[in-house]
Amino acid sequence: MAGDVLEVRSVTSGYGDLTVIREVSLSVAPGQITAVLGRNGAGKTTTLKTIAGLLPVNHGEVIFDGQTITKSPAHSRRGMGFGYVQENKRIFKSRTVEENLVLGLYRLGLARQEEQHRLDEVYERFPILAERRRQTAGYLSGGQQQMLAIGQALLNRPRLLMLDEPSTGLAPSIVSEVMQTVQRLRDEGLAVLLIEQAVEAALRVADSVVVLDVGRVVHTGSSSDEGLRAIIQDAYMASPPSGRS
Ligand code: ATP
């Protein structure tokens with residue numbers, strides 16, 4: 001749709017000869033959270049990796065800010081305004097908080113003064129990271145590590161933030177803290193694509209929802225749609241996938 005930051009049109013992708021997602025379409029608008037839900041193995045991470053350019057698009061199109069970027073390499077997407085927080089690849093645990101952020105900055109090739117400015121922005125947003133800047137990241141709580149990973153992605157001032165299961169491994173009270181952060185970013189105008197297995201946490205913050213099952217979109221709509229929970233339940237309860245090709 002016009003005005004969307006990201007539009008994925010009928011994308012098919014996978015790993016080598018293995019097709020995992022088929023004809024997936026979704027969109028994310030500025031100031032909106034789109035949640036992609038689906039059980040284990042539904043193809044959520046594969047969808048994100050394809051959008052980020054880490055997996056090739058076999059059919060279909062990826063459009064960012066009105067421009068087709070289907071074949072642009074992953075590194076060039078960062079410069080376009082993609083922020084991507086991958087599951088389990090969040091941070092360097094043996095480095096300090098500040099070192100993690102500086103490593104993120106280094107890739108951006110900014111002038112020294114601008115680097116400091118971006119660092120200050122992250123510290124302003126997450127005061128706990130400023131407080132713990134000299135602490136080894138592995139000693140932060142799970143929620144703080146997630147904040148650090150999000151902070152790293154924000155150094156680039158992205159227009160689209162993609163989060164892969166930010167709730168994984170976190171206690172429920174910490175999940176809501178992380179989700180509040182995501183909501184604040186949305187309220188500031190960021191387009192957010194949120195991949196989640198934690199349905200309730202995602203539905204509390206999402207504006208729109210895409211439900212995936214065995215690599216296909218089985219529902220797209222508003223998070224307040226009547227009947228959405230029944231659709232999600234069906235997708236989570238369906239019999240396990242019996243092989244893909
Ligand atoms: P989860 O919540 O478990 O991460 P998901 O919905 O994100 O699930 P994907 O990780 O996208 O699902 O996986 C979808 C399918 O792709 C699974 O059948 C998985 O086995 C397969 N798959 C994932 N990564 C690879 C890979 N590197 N090589 C081959 N197949 C893969």
Side-chain angles (χ1 to χ4, degrees), residues 6-28 33-62 70 73-75 77 82-91 142-143 145-146 149-150 153 160-172 174-175 178-179 182 192-206 208-221 223 228-229 231-245:
L6 176 76
E7 202 185 336
V8 174
R9 285 191 195 153
S10 203
V11 162
T12 295
S13 162
Y15 305 86
D17 289 340
L18 179 73
T19 299
V20 169
I21 57 166
R22 291 173 192 275
E23 294 168 35
V24 167
S25 295
L26 58 87
S27 59
V28 196
I33 299 173
T34 298
V36 179
L37 304 175
R39 70 197 147 121
N40 235 317
K44 304 181 297 295
T45 297
T46 304
T47 302
L48 272 204
K49 283 187 176 164
T50 305
I51 295 169
L54 300 175
L55 290 173
V57 170
N58 297 333
H59 297 284
E61 273 188 295
V62 179
T70 315
H75 64 85
R77 296 183 198 208
F82 271 70
Y84 181 21
V85 182
Q86 292 194 59
E87 195 187 8
N88 301 327
K89 282 199 187 157
R90 289 166 187 164
I91 52 169
Q145 291 188 19
Q146 186 59 261
I150 295 174
L160 171 72
L161 182 64
M162 304 201 293
L163 300 167
D164 194 343
E165 311 236 5
S167 71
T168 303
L170 301 183
I174 311 297
V175 171
V178 170
M179 291 300 178
V182 175
V192 180
L193 184 59
L194 171 69
I195 300 302
E196 260 304 339
Q197 267 201 70
V199 175
E200 291 308 321
L203 287 184
R204 271 197 290 276
V205 298
S208 47
V209 173
V210 175
V211 184
L212 274 187
D213 190 24
V214 202
R216 287 185 188 272
V217 174
V218 293
H219 180 79
T220 301
S223 56
L228 176 62
R229 276 165 204 278
I231 292 164
I232 293 172
Q233 199 171 3
D234 277 356
Y236 276 70
M237 301 297 285
S239 53
S242 57
R244 301 166 194 252
S245 62

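Whatever order the structure lists them in is the order used to number ligands and atoms, beginning at 1. Just the heavy atoms: all of them, side chains too, but no hydrogens, waters or symmetry mates, feed the values below. Bear in mind the structure is a predicted one, so any value in this text is a computation, not a measurement.
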**Message:** Geometry only, no angles: is G41 polar-contacting ligand 1 at N/O separations under 3.5 Å?
**Reply:** yes
**Message:** Whether E87 and K49 form a salt bridge (side-chain N of Lys/Arg under 4.0 Å from carboxylate O of Asp/Glu) is what I want to check.
**Reply:** no
**Request:** Test T50 against every option in V20, V24, I21 by the side chain to side chain contact (heavy atoms under 4.5 Å, CB included) rule and name the one that passes.
**Result:** I21
**Request:** Run the numbers for me: atoms of ligand 1, each under 4.0 Å from some heavy atom of E165, listed by number.
**Result:** 2 (O)
**Request:** Decide yes or no for L26 and V217: does some side-chain heavy atom of the first lie under 4.5 Å from some side-chain heavy atom of the second?
**Result:** no
**Prompt:** Which atoms of ligand 1 are found less than 4.0 Å from any heavy atom of A42?
**Reply:** 5 (P), 6 (O), 12 (O)
**Heavy-atom side-chain proximity of L203 to I232 below 4.5 angstrom** = yes
**Asked** Is any side-chain heavy atom of L194 closer than 4.5 Å to a side-chain heavy atom of M179?
**Response** yes
**Complete:** Nearest heavy atom to atom 7 (O) of ligand 1, choosing from T168, L18, L48, T45, belongs to T45
**Message:** If you apply the rule side chain to side chain donor-acceptor pair (under 3.5 Å), what do you find for S10 with S25, and how did you get there?
**Reply:** CA-CA 5 Å; S10 203; S25 295; 4.8 Å; no
**Request:** Would you mind running through ligand 1 and noting each atom that sits below 4.0 Å from a heavy atom of T46?
**Result:** 9 (P), 11 (O), 13 (O), 14 (C)
**Prompt:** Backbone or side chain, does any N or O of V20 fall under 3.5 Å from an N or O of ligand 1?
**Reply:** no
**Asked** Do any N/O atoms on E87 end up under 3.5 angstrom from N/O atoms on ligand 1?
**Response** no
**Prompt:** Does ligand 1 have an atom that lies less than 4.0 angstrom from a heavy atom of K49?
**Reply:** no
**Message:** Given K44, which partner from the list V210, L37, D164, V36 fulfils the side chain to side chain contact (heavy atoms under 4.5 Å, CB included) test?
**Reply:** V36
**Message:** Please list, in number order, the atoms of ligand 1 under 4.0 Å from a heavy atom of R39.
**Reply:** 6 (O)
